[in-house]
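First comes the structure, then the notes that go with it.
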Amino acid sequence: MFKIGDVTIKNPIVIAPMAGVSNSAFRSICYNFDAGLVYSEMISDKALMFSSSKTLEMCQSLENEHPLTFQLFGHDMDSMIEAAKYLDTKTNCDIIDINMGCPVNKIVKSNAGSALMKDKEYAIELVKNIILNVHKPVTVKMRLGWTKETINCFELALGLQEVGVKAIALHGRTRGQMYEGKADWEYVKKMKEILNIPVIGNGDIKTVDDALAMLEYTKCDGIMIGRGAIGNPFLIKQLADALNGAKHDMPSYDQRIAMCYDHAKRLCELKGERIAMKQMRGLASWYIQGMPYSAKIKNACTSLNTYADLEKLFGDYLTRIHENEL
């Protein structure tokens with residue numbers, strides 16, 4: 001257990017913000033599997049200020065989604081402050097996070113995401129002014145730096161701590177690395193040693209052993225799981241069990257398929273069947289990762305149009321597995 005400001009996080013399992021994934025349907029599943037804290041998708045300050053219906057929808061949450069972090073991205077001082085005030089007063093999130101980690105071109109070309117790390121003084125001033133205008137705890141998710149030659153995460157984090165940031169999540173890669181190579185946990189370890197606020201380690205957490213190894217090596221307060229939880233929320237419960245000294249079982253094929261159905265139903269309820277099933281085309285294939293002869297089924301997922309399509313495809317697949325026809 002640790003605290004971010006006045007918000008209590010019951011365990012160190014933190015689920016990362018993931019575009020196109022971290023909506024209410026996914027977040028509620030994560031909480032059902034015992035996550036300590038879950039982030040929203042990235043929310044654009046400009047889109048929020050222009051009252052984009054899609055962005056306003058991203059700011060909705062369910063009753064069982066607490067504690068919840070809404071993550072904001074942008075660069076402009078005025079619009080970031082106004083967007084943060086909106087999240088503070090007009091949403092049910094518990095924590096506001098400022099994104100300084102996203103490496104994708106469409107984000108950094110507007111000087112947002114990890115591009116903010118290129119101007120440390122401005123980044124600190126931006127967050128300072130956000131903190132002065134909101135009541136909820138403010139956190140920052142960052143990378144090591146823009147490139148390996150310009151690593152500045154320690155100086156930036158110390159400055160952010162000084163102006164009132166309540167926690168730092170550190171991804172152990174530079175922006176230049178994108179998602180390639182190995183995340184360097186040594187920086188997470190050092191960050192924990194120099195800060196007085198909670199540190200959440202991020203990068204290469206795909207198994208229970210990975211998570212336990214990061215906690216042991218870095219002594220960080222939380223470990224952030226990203227893509228490892230897509231199609232595999234069982235990992236969250238397995239880790240929660242391991243932290244409590246309990247045995248964790250691997251899910252059966254039937255359980256994995258049932259969980260995929262559950263995810264699809266939640267998405268249909270949230271977004272309507274047409275949009276939900278377009279999203280499930282990508283998400284469904286994660287649920288059968290590593291299952292026997294799944295490549296052909298994954299290809300078929302790209303043609304899903306209705307929930308009935310999903311049940312037919314995966315139902316037939318499961319039957320054939322049980323009858324050893326694959």
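Along the sequence shown, the residues carry numbers beginning at 1. What you see is a predicted model, and the numbers here were worked out from it, not measured in a lab.
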Euclidean distance, C260 SG relative to L313 CG, rounded to 0.5 Å: 9.0 Å
Donor-acceptor contact present, side-chain R143 to main-chain T174, <3.5 Å: yes
Sidechain-backbone polar pair: D184 side chain, G172 backbone, donor-acceptor under 3.5 Å: no
Side chain to side chain, M42 and I107, heavy atoms closer than 4.5 Å: yes
H322 and Y253: side chain donor to acceptor below 3.5 Å: no
Short side-chain donor-acceptor distance under 3.5 Å, Q60 and S24: no
M191/C220 under side chain to side chain contact (heavy atoms under 4.5 Å, CB included): CA gap, chis, key distance, verdict: CA-CA 9 Å; M191 185 77 82; C220 60; over 6 Å; no
N/O donor-acceptor pair under 3.5 Å between N244 side chain and A246 backbone: no
Side-chain heavy-atom pair I124, L156 within 4.5 angstrom cut-off: yes
Six-ring centre of F70, R27 cation under 6.0 angstrom, axis tolerance 45°: no
Interatomic spacing from CG in L158 to CD1 in I168 - rounded to 0.5 Å: 9.0 Å
Donor-acceptor contact present, side-chain D97 to main-chain T69, <3.5 Å: no
Approximate separation, where rounding is to 0.5 Å, of I321 CD1 and F314 CZ: 10.0 Å
Ring centroid separation Y122 to H75 under 6.0 Å: yes
Sub-4.5 Å side-chain heavy-atom contact between M18 and E41: no
Non-hydrogen atoms of K136 and L87 that approach each other most closely: NZ-O, 3.2 Å
Shortest non-hydrogen contact from G74 toward L116: O-CD1, 3.6 Å
R281 versus N305, side-chain donor and acceptor atoms under 3.5 Å: yes
L62 backbone acceptor or donor facing E65 side chain under 3.5 Å: yes
Any donor-acceptor pair under 3.5 Å from D210 side chain to K206 backbone: yes
Presence of salt bridge, D316 and R320, under 4.0 angstrom: no
Side-chain donor or acceptor of D262 paired with backbone N/O of M259 under 3.5 Å: no
Side-chain touch I236/N32, heavy atoms, less than 4.5 angstrom: no
D76 side-chain N/O to S79 backbone N/O, donor-acceptor pair under 3.5 Å: yes
Mutual orientation of the aromatic rings belonging to H171 and Y179 [parallel < 30°, tilted 30-60°, perpendicular > 60°]: tilted
Salt-bridge criterion met for D249 and K247 (N-O under 4.0 Å): yes
Residue pair H66 / N92, side-chain donor-acceptor N/O under 3.5 Å: no
Inter-residue atom distance M291.CE - K298.NZ, 0.5 Å rounding: 10.5 Å
Chi angles and distances behind the side chain to side chain contact (heavy atoms under 4.5 Å, CB included) call for K85, I81: CA-CA 6 Å; K85 285 163 72 174; I81 290 170; 3.9 Å; yes
Heavy-atom side-chain proximity of M117 to R175 below 4.5 angstrom: no
Value rounded to 0.5 Å, distance of OG1 in T150 from CG in N152: 6.5 Å
Side-chain heavy atoms of Y39 within contact of S22, under 4.5 Å: no
CD-CG distance between Q238 and D241, expressed to the nearest 0.5 angstrom: 8.0 Å
Salt-bridge criterion met for K54 and E57 (N-O under 4.0 Å): no
N-O pairing of K219 and E193 below 4.0 Å: no
Worked check of side chain to side chain donor-acceptor pair (under 3.5 Å) between Y307 and E311: CA-CA 6 Å; Y307 177 77; E311 277 202 330; 3.0 Å; yes
Residues E269 and K265 bridged, charged N to O under 4.0 Å: no
Sidechain-backbone polar pair: Q161 side chain, L195 backbone, donor-acceptor under 3.5 Å: no
Pairs satisfying side chain to side chain donor-acceptor pair (under 3.5 Å), at least one member in residues 220-233, at least two apart: K192-D221
Under 3.5 Å: donor-acceptor pair, side chain of N105, backbone of V108: no
